[in-house]
S.K.: 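Provided herewith is a single structure, encoded as structure tokens, for subsequent inquiry.
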Amino acid sequence: MASKETTEVIDLPINEKFGLSIKEASAFFGIGIKKMRRLAETHRNEFAFYNGNRYIIIRHLFEAYMLKCMTTGNTEEFYDNETEAE
């Protein structure tokens, strides 16, 4: 008789996860989904990687990236070029 293996789905709170989906990272950091996706695409292998058909954001690396941007004053990435031109 063959034994059946069951896989348990463990649902962790977002603040305990190592990697976040675009949607989870957007909600956690308060950044729009489109902006989060653009950041992941431009910073691949820095704090994001492509797994299958989706980006995974490494939470602690993205936190460090945001802190670096805030301390150096380099926040132009978070703003669209169209809104700066107005």
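Keep in mind the model is a prediction, meaning the values are calculated, not measured. All heavy atoms count here, side chains included; hydrogens, waters and symmetry mates do not.
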S.K.: Which residues, ordered by chain and number, are linked to V9 in its hydrophobic cluster, where ILVMFWY side chains connect at heavy-atom gaps below 4.5 Å, directly or through other members?
M.R.: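 Direct or chained contacts put V9 with none.
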S.K.: List the residues meeting side chain to side chain contact (heavy atoms under 4.5 Å, CB included) with N45, not counting sequence neighbours, and say none if there are none.
M.R.: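 For N45 there are no side chain to side chain contact (heavy atoms under 4.5 Å, CB included) partners, ignoring immediate neighbours.
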S.K.: Can you measure from CZ (F49) to CG (N51) and round to the nearest 0.5 angstrom?
M.R.: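 Nearest 0.5 Å value for the CZ-CG distance: 5.5 Å.
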S.K.: Is the closest side-chain heavy-atom distance between F47 and L39 below 4.5 Å?
M.R.: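 Yes, their side chains come closer than 4.5 Å.
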S.K.: Who are the side chain to side chain contact (heavy atoms under 4.5 Å, CB included) partners of E8, not counting sequence neighbours?
M.R.: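 E8 satisfies side chain to side chain contact (heavy atoms under 4.5 Å, CB included) with no residue once adjacent residues are dropped.
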S.K.: Residues in side-chain hydrogen bond (donor to acceptor under 3.5 Å, both in side chains) with R59, at least two apart?
M.R.: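 Checked R59 against side-chain hydrogen bond (donor to acceptor under 3.5 Å, both in side chains); matches are E63.
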S.K.: What pairs of residues pass the salt bridge (charged side-chain N to carboxylate O under 4.0 Å, His left out) test when at least one of them lies in residues 49-58, not counting sequence neighbours?
M.R.: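 Residue pairs with at least one partner in residues 49-58: there are none.
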S.K.: Taking salt bridge (charged side-chain N to carboxylate O under 4.0 Å, His left out) as the cut-off, I'd like each qualifying pair that reaches into residues 25-34, sequence neighbours left out, listed once.
M.R.: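 Listed by first then second residue: nothing to list.
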S.K.: List the atom pairs, with distances to 0.1 Å, where a side-chain N or O of residues 19-31 and a protein N or O form a donor-acceptor pair under 3.5 Å, not counting sequence neighbours.
M.R.:
from	atom 1	to	atom 2	distance (Å)
S21	OG	E24	N	3.2
E24	OE1	S21	N	3.0
E24	OE2	K17	NZ	2.6
S26	OG	I31	O	2.3
S26	OG	I33	N	3.4

S.K.: So Y50 and R44, do their side chains get closer than 4.5 Å, heavy atoms only?
M.R.: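 Touching, per the 4.5 Å side-chain cut-off.
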S.K.: Between atom NE2 of H43 and atom OH of Y65, what is the distance when rounded to the nearest 0.5 Å?
M.R.: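 Interatomic distance, H43 NE2 to Y65 OH, rounded to 0.5 Å: 3.0 Å.
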S.K.: Hydrophobic cluster mates of L12, side-chain heavy atoms under 4.5 angstrom, ILVMFWY only, any path?
M.R.: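 Besides L12, the hydrophobic cluster comprises I10, listed by chain and residue number.
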S.K.: Who pairs with E41 by side-chain hydrogen bond (donor to acceptor under 3.5 Å, both in side chains), at least two apart in sequence or on another chain?
M.R.: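 None.
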